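None of these values were measured; they are calculated from a predicted model.
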Amino acid sequence: MPVGPKQSHPDFVVMHPRRGVLILETKDWKLETIQQATRQAWDIMANGQLKVVMSPLAQARFCAIQMVNALERDPQLVQPAGPHQGKLAFPWGHGVVFTRITRKQFDDAGLGDAIEPHYVICQDEMLETADAEAFQQRLWHMFPHSFGGVMSLPQLDRVRWIMFPQVRVQTQGALFDDSDAEAELPSIMRVMDLQQEQLARSLGDGHRVIHGVAGSGKTMILGYRAEYLAKAHTPASKPILILCYNEPLAVKLASVMEAKGLSSMVHARHFHKWCRDQLVTYGQTLPGQIGRDQYVVELVQRVIHGVDRKQIPSGQYQAILIGEGHDFAPEWLKLVTQMVDPATNSLLLLYDDAQSIYERSRSKQFSFKSVGVQAQGRTTILKINYRNTKQILQTASLIAADLLTADDKDDDGIPMLKPISCGRDGEAPLIIRLPNLRAQACLG
């Protein structure tokens, strides 16, 4: 994924609290691919054509310098005094990995004249039979200097926050502006924990379900996933659909996609507007003049009937991402799953049963399998609430009482999750006691 304000694309970023940050450029070239190599440029054969490219080590160094320039803007990541004041407080390095060239081939071909050998890891040095300690030492030898101390956990978090905007947890108010290289960094940065970062980067194909408590970053993951899919979009690809129950959330996500220039590929809609669009587009009759509640019920039912009769086509979208899945009725989910192109079968469902504010009690539980969601083995749980302070979360838990009693389920069921605080402290909430419900409503 792109790193830092300049959006450079290193292949691997290795962070180690005692060693620093290492940028690795990987090349899958075979020895015969390389026609000529100097410290500045390499001539390679690509698809039968001779091509001149930047030296892999120079490419790795370019990405590393972009990273360093971004990190040095943060006063908490630089040395505060001394001869290296203003420089990074921890080491950084760069190197090259040849995944299809052995060390013997590298040496025999004289490639060490173009890249210092200690900046290179070769194919045979990464095999299971290779010496693990020797491999580790090759990584550490890519750092030209050793200075500074151990990176603290807050420093690690700040590095990740600056380098990878996609894994930031959204907070109220303005965030760091990636487009403004001079923008002031916020003093408090909230980042995803390692589980979430891995999840945001590595969601695979097929159906995926994320059960997450309020404030755990579900919507941010949805936005990242949509952007990731959009970047793999081709002119022949079908559109990507984001569906929400809540109209303001759908409008917000639509504006985000538009700001990123992705609105032609990613359509964000609230569910009932999407249903109406389906009926209008495919010449189906809209419900007549009936009450609002009955209208929305009839609206959905007409789409379901249209799909069943094949008057509305299924498989319209390359991928569908459902936010607020806890507010979707089972029959809605069954309808939506049919709209994913079977060739991609890409569905992401975000769920938290504790947030089912539009349906206070469910008449019956249902399984994901019964509505066409293939969740077995593809379910992730997020329990950490980043949005609220520990004090607010404790107060809310006391008020909710047994409404938030944890209830585990298997992969095909819907668990009730009890949120866990990320440990952020703040002032205790002020609780005002009022004489009756009417007085509480008036105060609200």
Side-chain angles (χ1 to χ4, degrees), residues 1-4 6-16 19-68 91-144 163-164 198 201-206 228-237 343-344:
M1 57 195 293
V3 167
K6 297 294 184 182
Q7 301 288 278
S8 56
H9 288 74
D11 290 325
F12 287 91
V13 180
V14 182
M15 286 196 294
H16 191 286
R19 297 287 178 171
V21 183
L22 178 65
I23 297 292
L24 294 177
E25 183 68 27
T26 64
K27 297 298 181 186
D28 65 350
W29 301 334
K30 295 181 179 179
L31 189 62
E32 54 266 29
T33 303
I34 303 168
Q35 303 297 299
Q36 183 177 344
T38 69
R39 291 180 180 269
Q40 289 75 39
W42 289 40
D43 297 351
I44 64 169
M45 290 298 293
N47 299 320
Q49 300 291 323
L50 187 65
K51 183 179 180 181
V52 180
V53 298
M54 182 187 297
S55 159
L57 187 63
Q59 190 176 351
R61 179 172 174 77
F62 172 79
C63 289
I65 290 175
Q66 297 300 319
M67 172 198 72
V68 170
W92 59 275
H94 61 287
V96 178
V97 179
F98 289 116
T99 62
R100 304 175 78 178
I101 298 176
T102 65
R103 177 62 64 173
K104 185 177 186 305
Q105 289 175 321
F106 179 90
D107 292 337
D108 291 349
L111 292 177
D113 294 334
I115 295 183
E116 294 91 330
H118 68 274
Y119 281 117
V120 174
I121 293 176
C122 293
Q123 178 188 41
D124 53 316
E125 293 160 349
M126 298 183 290
L127 301 175
E128 291 184 7
T129 55
D131 186 336
E133 288 192 14
F135 172 75
Q136 182 174 261
Q137 286 306 312
R138 289 193 179 279
L139 290 175
W140 305 153
H141 288 160
M142 291 179 175
F143 289 91
M163 291 178 65
F164 306 112
Q198 294 281 3
R201 294 170 184 239
S202 62
L203 283 175
D205 296 329
Y228 172 82
L229 292 171
K231 287 181 177 178
H233 206 269
T234 68
S237 297
T344 57

J.: Do S55 and F62 have side-chain heavy atoms sitting under 4.5 Å apart?
T.: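 No, their side chains stay 4.5 Å or more apart.
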J.: Which atoms form the tightest heavy-atom contact between M163 and V13, and what is the distance?
T.: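 In terms of heavy atoms, the two residues are closest at CE-CG1, 3.6 Å.
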J.: Can the positive tip of R103 be found less than 6.0 Å from the middle of the six-membered ring of F106, inside 45° of the ring normal?
T.: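 Yes, a cation-pi geometry.
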J.: Any idea which heavy atoms bring G95 and A60 closest together, and the distance?
T.: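 Closest pair (atom of G95, atom of A60, distance): O-CB, 3.6 Å.
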J.: Given L24 and D11, is the side-chain contact (heavy atoms from CB on, under 4.5 Å) satisfied, shown in steps?
T.: CA-CA 6 Å; L24 294 177; D11 290 325; 5.9 Å; no
J.: Mind listing the closest non-hydrogen atom pair of I121 and M126 along with its distance?
T.: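 Answer, listing the atom of I121 first, then M126: CG2-CG, 3.7 Å.
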J.: For D108, check salt bridge (Lys or Arg N to Asp or Glu O under 4.0 Å) against everything at least two apart and list the hits.
T.: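 Residues passing salt bridge (Lys or Arg N to Asp or Glu O under 4.0 Å) with D108: K104.
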J.: CD of Q66 to CZ of R61: how many Å apart, nearest 0.5 Å?
T.: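 Here the interatomic distance stands at 11.5 Å.
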J.: Could you grab the distance from atom CH2 of W92 to atom CE of M67, nearest 0.5 Å is fine?
T.: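 Between W92 CH2 and M67 CE, I get 7.0 Å after rounding to 0.5 Å.
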J.: Work out which heavy atom in C122 is nearest to a heavy atom in T102; give both atom names and the distance.
T.: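 Distance-wise, the nearest heavy atoms are CB-C, 3.7 Å.
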J.: Rounded to the nearest 0.5 Å, what separation is found between the NZ atom of K30 and the CZ atom of F98?
T.: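 Spacing of NZ (K30) from CZ (F98) equals 15.5 Å.
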J.: Compare every heavy atom of A130 with every heavy atom of D124, then report the nearest pair and how far apart it is.
T.: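 Between these two residues, the closest heavy atoms are O-CB, 3.7 Å.
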J.: According to side chain to side chain donor-acceptor pair (under 3.5 Å), does anything in residues 31-50 pair up with another residue at least two apart or in another chain? List the pairs.
T.: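 Checked against side chain to side chain donor-acceptor pair (under 3.5 Å) - neighbours excluded - the pairs reaching residues 31-50 are R39-E116.
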J.: Atom CD in Q59, atom CD in E25: separation rounded to 0.5 Å?
T.: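 That separation rounds to 3.5 Å.
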J.: Grab the two heavy atoms, one from F143 and one from V21, that are nearest each other, plus how far apart they are.
T.: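 Residues F143 and V21, closest heavy atoms: CE2-O, 3.3 Å.
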J.: What distance separates R100 CZ from Q105 CD, expressed to the nearest 0.5 Å?
T.: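 Result: 11.0 Å between the selected atoms.
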J.: Kindly indicate, with the supporting measurements, whether the criterion side-chain contact (heavy atoms from CB on, under 4.5 Å) is fulfilled by L50 and M45.
T.: CA-CA 5 Å; L50 187 65; M45 290 298 293; 3.9 Å; yes
J.: Let me confirm one number: the CD1-NZ distance from I34 to K27, rounded to the nearest 0.5 Å.
T.: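 That separation rounds to 10.5 Å.
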